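On a predicted model such as this, the values are computed, not experimentally measured, just so you know. Throughout, numbering of the chain's residues begins at 1 and tracks the sequence. The figures here come from the full heavy-atom set of this structure, side chains too, leaving out hydrogens, waters and symmetry mates.
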Amino acid sequence: MTQKRFNTAFSTNGWVGLYIVTILVGLFIGLLRLPIPYIISDVGTQTILQFATMLFQWLITILLISATASKAVLHFINTLSLDNKQFSTRLNYNAFFTFVLSNILVSVFTLGLYVPWAYKSVACKLAESIEYDGDGRFRFLSLPSKLFIFILVSFFIMLFLSVILALTLYLVIVSENMVLWFLVFVFFLIFVVAFSAIIVMMHVFILNWFINIGFSSGKKSCTYTLDIDIVCAVMFYIGQLMLCFLTLGLYTGAYLINMYEYFTNKIVEKQNGEVTGRLMFKRPSDKGAIFLLGQVILSFLSLGFYRPFAYVEYANFFIKNTYLETKDEPEVIILPSEQSAE
């Protein structure tokens, strides 16, 4: 087996300024909304102004976050390499930002119904623009209809659980039977667990949907997919979240490592349906869970201003310790009789 190592020179150059502007604009608009109840006495006018400023803040935030994320993603791709061979993207920042923003706005105006197709459009555009070592090309293979059906079914399940909980609570209040409150509490716990499990399942399904990439070059043609058992992955995910909850967040560093390692090690390379390689994460000896927890704490204490620098540290920690392990190509041996015949 041959191991090829990923590397990155990812930094905050070119996008950290946009991120800081996003935070400052949000804080500024939030401060402008504070004196509205004291300046205007009419309740109706207050409500209209509060809603207008909130909508304006929301739209500006979407605009700035889209600009920041687009810049950061393109910068990350152009600093990524595998086995000292560079990845690059042909996308122009302004064109990509406009494309991302338009898909977000269409998703908003369609009340989320367009989200799977927006994901597909952005993923396709990004994948098809990426080159590896000059001639390697990528393509995104997942279908938006599968994601749409899964999200729709999950939504109706959560809606059904919410209605059952509301009806149970209503019947208990009307009956004025205090004994039934215990049953409501039990059902509420079941509701929380089921609701959380569905959210986690959605995260796992979306991740599995996203990691479905085709690659072709002059040397090989293959696909990269996530080879997981959905139920096992969901149980693992829930277990990690529970440990974070029980330790009041102190487990966050280990959570990040375990989650990345679990899903990265499940990504397989296939050629003609046969597994020919897989990604793997090797834990570094000099840094670990405490280092990552420190990045999370710094991001929290700095009110988010440190977060771009934390993202850079995350990239360096995870990407530089990720490898692609593939089968060795068979060597062609020429026998002496064949040499003499020549």
Side-chain angles (χ1 to χ4, degrees), residues 6-31 56-82 84-108 115 118-132 138 140 206-207 210-211 213 252-253 256 259-260 264 287 291-322:
F6 286 90
N7 204 350
T8 181
F10 186 52
S11 68
T12 57
N13 292 342
W15 62 277
V16 67
L18 286 170
Y19 178 85
I20 292 175
V21 168
T22 303
I23 295 179
L24 292 176
V25 168
L27 291 174
F28 177 72
I29 297 176
L31 291 174
F56 177 72
Q57 182 180 12
W58 181 72
L59 291 173
I60 290 295
T61 301
I62 287 180
L63 175 69
L64 292 174
I65 288 178
S66 301
T68 305
S70 300
K71 194 83 169 179
V73 167
L74 295 181
H75 175 60
F76 173 75
I77 292 171
N78 286 319
T79 60
L80 185 66
S81 64
L82 173 63
N84 295 320
K85 297 174 182 178
Q86 198 69 32
F87 290 85
S88 62
T89 174
R90 306 183 302 274
L91 279 177
N92 171 268
Y93 163 67
N94 290 330
F96 183 57
F97 160 60
T98 304
F99 184 77
V100 170
L101 182 61
S102 62
N103 275 274
I104 291 175
L105 292 177
V106 172
S107 299
V108 171
V115 166
Y119 282 166
K120 170 75 173 180
S121 298
V122 174
C124 280
K125 192 173 187 66
L126 193 60
E128 291 169 3
S129 75
I130 297 175
E131 297 178 358
Y132 172 66
F138 296 87
F140 184 70
I206 291 172
L207 184 62
F210 265 118
I211 304 177
I213 307 295
T252 302
L256 293 173
M259 291 293 290
Y260 182 83
T264 298
K287 294 178 181 178
F291 169 74
L292 295 179
L293 178 61
Q295 299 301 309
V296 174
I297 293 174
L298 284 173
S299 299
F300 176 76
L301 294 178
S302 63
L303 302 179
F305 284 96
Y306 180 77
R307 188 169 291 122
F309 304 96
Y311 288 156
V312 171
E313 294 296 338
Y314 296 151
N316 288 328
F317 180 88
F318 289 113
I319 300 300
K320 291 183 178 181
N321 293 288
T322 302

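Between F210 and A123 the shortest heavy-atom distance is CE2-CB, 4.3 Å. Here the closest heavy-atom approach between residue G304 and residue P308 is recorded as O-CD, 4.0 Å. Listed here is the closest heavy atom pair of N78 and S88: OD1-CA, 3.3 Å. Across S70 and F96, no two heavy atoms sit closer than the pair CB-CD2, 3.7 Å. Nearest approach of S129 to T89, heavy atoms of both residues: OG-OG1, 2.8 Å. Closest of all the heavy-atom pairs between L101 and S66 is CD1-OG, 3.9 Å.
A cation-pi arrangement, defined by a distance under 6.0 Å to the six-membered ring centre and an angle within 45 degrees of its axis, is present between K125 and F99. Cation-pi geometry between K71 and Y93 is met: the NZ or CZ atom falls under 6.0 Å from the ring centre, inside 45° of the normal.
Of the inter-residue distances, the one linking I60 atom CD1 with I65 atom CD1 reads 11.5 Å to the nearest 0.5 angstrom. Distance CZ/F300 to OG1/T252: 11.5 Å, rounded to 0.5 Å. L64 CG to I20 CD1: the interatomic distance, rounded to the nearest 0.5 Å, is 12.5 Å. L298 contributes atom CG, which lies 9.5 Å from atom CG of L293 (distance to the nearest 0.5 angstrom). Atom CG of N321 and atom NZ of K287 lie 9.5 Å apart (nearest 0.5 Å).
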Which atom pairs, donor and acceptor, lie under 3.5 Å between side-chain atoms of residues 21-31 and protein residues at least two apart or in another chain?
from	atom 1	to	atom 2	distance (Å)
T22	OG1	L18	O	2.8

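Ring geometry for F87 versus F6: interplanar angle under 30°, hence parallel rather than tilted (30 to 60°).
Sorted by first and then second residue, the side chain to side chain donor-acceptor pair (under 3.5 Å) pairs involving residues 9-20 (not counting sequence neighbours) are S11-N13, S11-H75, Y19-R307.
The backbone N or O of L80 sits less than 3.5 Å from a side-chain atom of Q86, completing a donor-acceptor pair. Checking side-chain atoms of E313 against main-chain N and O of L292 turns up no donor-acceptor pair under 3.5 Å. With hydrogens and angles disregarded, no donor-acceptor distance shorter than 3.5 Å links the side chain of N103 to the backbone of Y119.
Atom CZ of F318 sits in a crowded spot, with more than 12 heavy atoms from other residues, nucleotides or ligands closer than 6.0 Å. Atom CZ of F291 is surrounded by more than 12 heavy atoms from other residues, nucleotides or ligands within 6.0 Å.
When each of Y311, Y314, Y306 is paired with Q295, the side-chain hydrogen bond (donor to acceptor under 3.5 Å, both in side chains) condition holds for Y306 and for no other.
The shortest distance between side-chain heavy atoms of L59 and L63 does not fall below 4.5 Å. In this structure, the side chains of L256 and V296 come closer than 4.5 Å at one or more pairs of heavy atoms. Taking the side chain as every heavy atom from C-beta outward, W58 and I62 approach each other to under 4.5 Å. Using a 4.5 Å heavy-atom cutoff, the side chains of F140 and L126 are not in contact.
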I319 vs F76, side chain to side chain contact (heavy atoms under 4.5 Å, CB included): CA-CA, chis, key distance, verdict
CA-CA 11 Å; I319 300 300; F76 173 75; 4.1 Å; yes

